[in-house]
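Keep in mind that what you see is a predicted model, and the values were worked out from it rather than measured.
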Protein chains: 2
Amino acid sequence: MNDRALVHIVDDDEDVRMSLDSLLRSVGLETREHATADSLLSSEADDRPGCVVLDVRLPGVSGLDVQQQLTRLGIRIPVVMITGFGDVPMSVRAMKAGAVDFLTKPFRDQDLLDAVAMAIERDRRRRNDDIDVAAVRGRYLTLSPREQQVMMLATAGKLNKQIAGELGISEITVKIHRGAAMRKMDARTFADLVRMADLMAAVQPRH
Amino acid sequence: MNDRALVHIVDDDEDVRMSLDSLLRSVGLETREHATADSLLSSEADDRPGCVVLDVRLPGVSGLDVQQQLTRLGIRIPVVMITGFGDVPMSVRAMKAGAVDFLTKPFRDQDLLDAVAMAIERDRRRRNDDIDVAAVRGRYLTLSPREQQVMMLATAGKLNKQIAGELGISEITVKIHRGAAMRKMDARTFADLVRMADLMAAVQPRH
DNA sequence: TCACGGGTCATACGATGGTTTGATCCGGCA
DNA sequence: TGCCGGATCAAACCATCGTATGACCCGTGA
């Protein structure tokens with residue numbers, strides 16, 4: 001509901017690319033064509049929702065490896081797999097790796113469009129979530145070290161008095177840091193602050 | 001790390017069942033054999049982690065339909081699909097529906113054991129999460145209607161004074177309800193209460 | 001009829017939270 | 001050298017929270 005979506009088409013067969021391209025454009029989607037995996041990987045990150053339509057059979061590397069590489073690079077764009085020579089283990093691997101769909105050629109146009117629509121919707125949601133988390137995290141980084149400490153201890157349920165004890169400072173100083181944290185985090189209430197702390201803790205925590 | 005896991009084997013071929021049975025028992029897993037989908041569906045719910053090893057080809061219904069039916073019934077036990085006659089669309093449908101894995105016969109014993117182990121681990125985690133949510137929800141239900149209202153408004157960030165205004169009661173009464181909610185919810189701090197409210201809101205909300 | 005739980009409220013008190021004013025100290029940086 | 005942000009603290013003040021005591025009303029069920 002925000003930006004115009006962009007679909008990356010990765011297939012070494014130019015005819016297939018053109019065909020997919022015109023199909024996707026016919027429903028109002030913008031597209032980029034890539035003949036190789038490198039072309040996709042070297043394309044600059046787009047600041048809008050989108051997905052990748054990825055052929056499994058590519059010159060050099062497999063589409064499955066490309067999918068894995070995207071994950072490894074932290075590029076979490078949804079992938080719709082297509083292939084002319086698919087087998088079950090291949091499709092299962094792709095789906096396990098998070099593919100939105102796995103279509104075997106020839107597929108019906110509508111099936112691809114459905115898969116792409118689903119992928120874009122998924123990306124849109126993920127991006128919105130990421131934006132929220134990034135905003136909170138960004139504000140958190142503007143806090144001074146002490147303010148960050150106080151915020152974490154406070155949202156963990158500690159009283160100002162306890163925080164003061166743990167940090168070896170006076171309670172009045174804790175209150176000042178706490179107030180600054182609330183202001184900088186743009187938290188109207190303490191409940192907001194707790195939720196922001198949880199939001200930051202929910203993602204990222206390298207297990 | 002809690003209870004002994006239970007694996008349901010659903011296959012109409014007795015030889016296959018026995019073979020799977022002995023394989024799974026050989027690694028210390030407990031099993032139940034089912035020749036039909038109905039046998040599985042009519043088996044009582046087990047109060048321990050487990051999974052289903054489900055043949056796609058069953059007399060009458062398809063394993064895919066059984067999987068769907070489990071979901072529809074709210075039985076969220078993980079499913080490992082196996083089949084002798086699998087094709088890509090079938091495997092994709094199963095994986096989309098949440099299957100842990102989709103193996104085509106003949107498969108290596110180790111592949112099945114890996115899939116089952118993964119499924120059980122997933123179930124264990126889900127069950128632990130469910131237990132936490134159920135415990136909180138259970139305590140929430142012991143709150144009187146007023147106490148529930150006050151808890152929700154408080155965790156939404158409202159001040160006692162505002163809550164009193166919205167409910168048309170005095171602030172002192174709000175404090176009493178709030179205190180009772182804290183006690184009954186077993187929340188040591190207000191931050192705990194906020195997290196409990198979020199935990200309950202996170203699941204269930206039929207979107 | 002009585003007991004009980006739920007809901008309501010007042011008074012009173014103490015603990016906790018939040019802000020302002022004003023001040024000191026320190027390290028980095030122009 | 002002087003400025004600035006970060007950190008520290010005190011005093012004073014007010015708002016808010018939390019709980020205890022005691023009280024009243026009401027509907028339900030023993």
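A cation-pi geometry, defined here as NZ or CZ lying under 6.0 Å from the six-membered ring centre and within 45° of its normal, does not hold between B/Arg195 and B/Phe190.
Side chain of A/Gln69 to backbone of A/Val66: no donor-acceptor contact under 3.5 angstrom is found. Distance alone, capped at 3.5 Å, is enough to place a donor-acceptor pair between the B/Gln162 side chain and the B/Leu159 backbone.
One interatomic measurement links the two molecules: CG of B/Leu143 to C1' of C/dG7, which rounds to 15 Å at whole-angstrom precision. Following rounding to the nearest Å, A/Leu159 (CG) and D/dG18 (C1') show an atom-to-atom distance of 12 Å. When rounded to the nearest whole Å, the span between CZ of A/Arg183 and P of C/dG18 equals 12 Å. Taking atom CZ of residue A/Phe190 and atom C1' of nucleotide C/dT16, one finds them 12 Å apart after rounding to whole Å. For the pair B/Ile163 CD1 and C/dG7 C1', the computed distance is 16 Å after rounding to whole Å. The separation between B/Gln162 atom CD and D/dT16 atom C1' is 12 Å, rounded to whole Å.
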B/Thr173 and B/Ser170: CA distance, side-chain angles, deciding distance, side chain to side chain donor-acceptor pair (under 3.5 Å) verdict: CA-CA 5 Å; B/Thr173 306; B/Ser170 79; 3.0 Å; yes
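Residue A/Arg25 places its CZ atom among more than 12 non-hydrogen atoms of other residues, nucleotides or ligands, all under 6.0 Å distant. Environment of NZ in A/Lys158: sparse, with no more than 12 heavy atoms of neighbouring residues, nucleotides or ligands closer than 6.0 Å. Heavy-atom neighbours of A/Glu14 CD from other residues, nucleotides or ligands within 6.0 Å: at or below the threshold of 12. Applying the 6.0 Å contact sphere to CE of B/Met152 captures more than 12 heavy atoms from other residues, nucleotides or ligands.
In this structure, A/Lys161 and A/Ala180 both approach DNA chain C, and ranking their closest nucleotides by distance from the 5' end singles out A/Lys161.
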Its contact letters, B for base, S for sugar-phosphate only and - for none at protein heavy atoms under 4.0 Å, make nucleotides 23-30 of chain C read --------
Expected string for nucleotides 5-12 of chain D under the B/S/- scheme (protein heavy atoms, under 4.0 Å, primed atoms plus P, OP1, OP2 as sugar-phosphate) is -SSSBBBB
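Within the 4.5 Å cutoff, side-chain heavy atoms of A/Met90 are placed close to those of A/Phe102. Contact annotation: the side chain of A/Thr36 never approaches that of A/Asp12 to less than 4.5 Å [non-hydrogen atoms, C-beta and beyond].
Atoms CG and CE, from B/Leu23 and B/Met18 in turn, are 13.0 Å apart once rounded to the nearest 0.5 Å.
Neither OP1 nor OP2 of D/dT16 sits under 4.0 Å from any side-chain N or O of B/Asn160.
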Check nucleotides 28-30 of chain D against the protein and report each pair of N or O atoms closer than 3.5 Å, with its distance, or say if there are none.
none

